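Structure, as structure tokens:
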Protein chains: 2
Amino acid sequence: MTYSIGQVAEMFDLPISTLRYYDKEGLFPSLERKSGIRKFSEVEIDALRVIECLKGSGLEIKDIKQFMDWCTQGPETYVQRKELFERRLDALEEEMTRLSRMRDMLKYKCWYYDTALADGGEERIQAMLPDNLPPDVQELYDSGFRS
Amino acid sequence: MTYSIGQVAEMFDLPISTLRYYDKEGLFPSLERKSGIRKFSEVEIDALRVIECLKGSGLEIKDIKQFMDWCTQGPETYVQRKELFERRLDALEEEMTRLSRMRDMLKYKCWYYDTALADGGEERIQAMLPDNLPPDVQELYDSGFRS
DNA sequence: GTAAAAGCTAAACCTAACTTTAGGTCAAGT
DNA sequence: ACTTGACCTAAAGTTAGGTTTAGCTTTTAC
């Protein structure tokens, strides 16, 4: 069973142009054609599922291509593939830590403008900075701006 | 007290060209000059601290400019500013949820290649898919690929 | 058998956020 | 006065990840 580029585009809700772009970038190393027309098989469908995941985790296209090439090469590249995912996992956990601090910063800003609106001005808040905010807010402030 | 563009660049560990770019984009609405040369004051230093935070939370330059303009306009824009931060907070929490699923996917992939290496092949794992993985791994798989 | 729909390619275009380049000005020290 | 280093601008270049365009060919439906 094979699928046309249009069917695949619909399955994954991707523009056809994106699929052609991925192909051009070498993301479907074993894609076949019949008189010039691409025939997507289960292999490419699986590849697309992996591509969506890897892209979602922040991997660049060229690194996804590398991974696809390793898959084509067989079991001798298990170590490389595993190390790729380990590096991605480390990078993603760092990113989540960073976002967590940014979230605290944003929560602080929300409190700031809530309070400024209630007060009708920023003077009272400014007088509390940088060390005399309400304890729960102080925590957000320290996490968001000082670490 | 004012600072030269070079001093500010060093303080924030940013290239001079980036500061000029920010200025061109309108991120320092009250930046002054003496015979053409930029004089950065505390106002711009504060602005830069805010810029770094907003950028880190994913805001685009044009939205940061909007925020700076609102700040210049005074208390009548408190509501807009607050809503900007609330929208950012929602977007960031959605992004963290997404990354959390991606992390599970990556953890699954790490387990997959660990196991493939130990087994010397993927056959045993493939036979367990998609519903008969070890329970802890199954959880990662379901979270990473199916939700 | 013909017309529309779907497919193809190469190449140009797009956006964000900078960076680099080219050519000129300003300021500080000797 | 002069040299050197820091500063200036406008405009072009860069990168990633596509998208659009123009001009074709192939397939499908009637």
Side-chain angles (χ1 to χ4, degrees), chain A residues 1-28 31-41 44-45 47-48 50-68 84 88 91-92 95 98 102, chain B residues 1-28 31-41 44-45 47-69 84 88 91-92 95 98 102:
Chain A
M1 183 59 181
T2 66
Y3 306 89
S4 72
I5 198 168
Q7 289 173 316
V8 177
E10 193 155 343
M11 284 165 63
F12 284 86
D13 195 26
L14 284 174
I16 289 177
S17 60
T18 300
L19 293 171
R20 290 206 265 246
Y21 168 70
Y22 287 172
D23 184 24
K24 208 177 58 168
E25 293 301 306
L27 264 44
F28 308 124
L31 198 160
E32 304 210 340
R33 287 168 183 246
K34 261 185 186 135
S35 55
I37 288 173
R38 292 175 183 87
K39 301 293 169 190
F40 290 76
S41 71
E44 281 74 39
I45 302 300
L48 261 172
V50 174
I51 288 166
E52 296 268 273
C53 286
L54 293 180
K55 235 168 49 91
S57 86
L59 218 64
E60 293 176 18
I61 298 289
K62 67 170 170 11
D63 296 324
I64 299 180
K65 178 190 160 40
Q66 174 67 270
F67 175 74
M68 293 301 171
L84 171 72
R88 255 305 83 197
L92 194 139
E95 174 68 359
R98 198 185 65 77
M102 289 299 150
Chain B
M1 183 57 181
T2 68
Y3 306 89
S4 72
I5 198 170
Q7 289 173 316
V8 176
E10 193 156 342
M11 283 166 62
F12 284 85
D13 195 26
L14 285 173
I16 288 176
S17 62
T18 301
L19 293 172
R20 290 206 266 245
Y21 168 70
Y22 287 171
D23 185 25
K24 207 178 61 169
E25 294 301 305
L27 265 45
F28 307 124
L31 178 68
E32 304 211 338
R33 289 170 181 244
K34 263 189 186 130
S35 54
I37 288 173
R38 292 173 183 86
K39 301 293 167 188
F40 291 77
S41 71
E44 280 75 41
I45 302 300
L48 262 173
R49 279 194 270 265
V50 174
I51 289 166
E52 297 268 274
C53 286
L54 294 180
K55 236 168 49 93
S57 86
L59 218 65
E60 292 176 20
I61 298 290
K62 69 169 167 13
D63 296 324
I64 299 180
K65 177 189 161 42
Q66 175 66 272
F67 175 74
M68 293 301 172
D69 290 346
L84 170 73
R88 255 305 84 197
L92 194 138
E95 174 68 0
R98 199 185 63 78
M102 289 300 149

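Bear in mind the structure is a predicted one, so any value in this text is a computation, not a measurement. Chain identifiers are assigned alphabetically (A, B, ...) following the order of the sequence lines, protein sequences preceding nucleic acid strands; residue numbering begins at 1 within each chain.
- Residues passing the salt bridge (charged side-chain N to carboxylate O under 4.0 Å, His left out) test with Glu25(A), sequence neighbours excluded: none.
- Take Ser41(B) and apply the side-chain contact (heavy atoms from CB on, under 4.5 Å) test, not counting sequence neighbours, and it matches Val43(B), Glu44(B).
- Among the duplex regions that DNA chain C forms, those built from at least three successive Watson-Crick or G-U pairs under 3.5 Å are C:1-30 with D:1-30, ordered by first number.
- Scanning for salt bridge (charged side-chain N to carboxylate O under 4.0 Å, His left out) contacts around Arg20(B) gives an empty result, with sequence neighbours left out.
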Using a 4.0 Å cut-off on protein heavy atoms (strictly under), produce a 5'-to-3' string for nucleotides 8-30 of chain D with B for base contact, S for backbone-only sugar-phosphate contact, and - for none.
BB-------BBBB-----SS---
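- For Tyr3(B), there are no ring pair (Phe, Tyr, Trp, His ring centres under 6.0 Å) partners, not counting sequence neighbours.
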In residues 50-59 of chain A, what donor-acceptor pairs under 3.5 Å come from side-chain atoms, sequence neighbours left out?
unit_1	atom_1	unit_2	atom_2	d
Ser57(A)	OG	Leu54(A)	O	3.0

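- Partners of Arg88(A) according to the salt bridge (charged side-chain N to carboxylate O under 4.0 Å, His left out) rule, which considers only residues two or more places apart in sequence or in another chain, do not exist here.
- The ring pair (Phe, Tyr, Trp, His ring centres under 6.0 Å) test applied to Tyr22(A) returns no partner, not counting sequence neighbours.
- First and last contacts of DNA chain C with chain B, using any nucleotide atom under 4.0 Å from a protein heavy atom and ordered 5' to 3', fall at dA17(C) to dA27(C).
- Scanning for salt bridge (charged side-chain N to carboxylate O under 4.0 Å, His left out) contacts around Asp69(B) gives Lys65(B), with sequence neighbours left out.
- Using a 4.5 Å cut-off on side-chain heavy atoms (C-beta onward), Leu14(A) and Leu48(A) make contact.
- Looking at residues two or more places apart in sequence or on another chain, you find a ring pair (Phe, Tyr, Trp, His ring centres under 6.0 Å) between Phe28(A) and Phe40(A).
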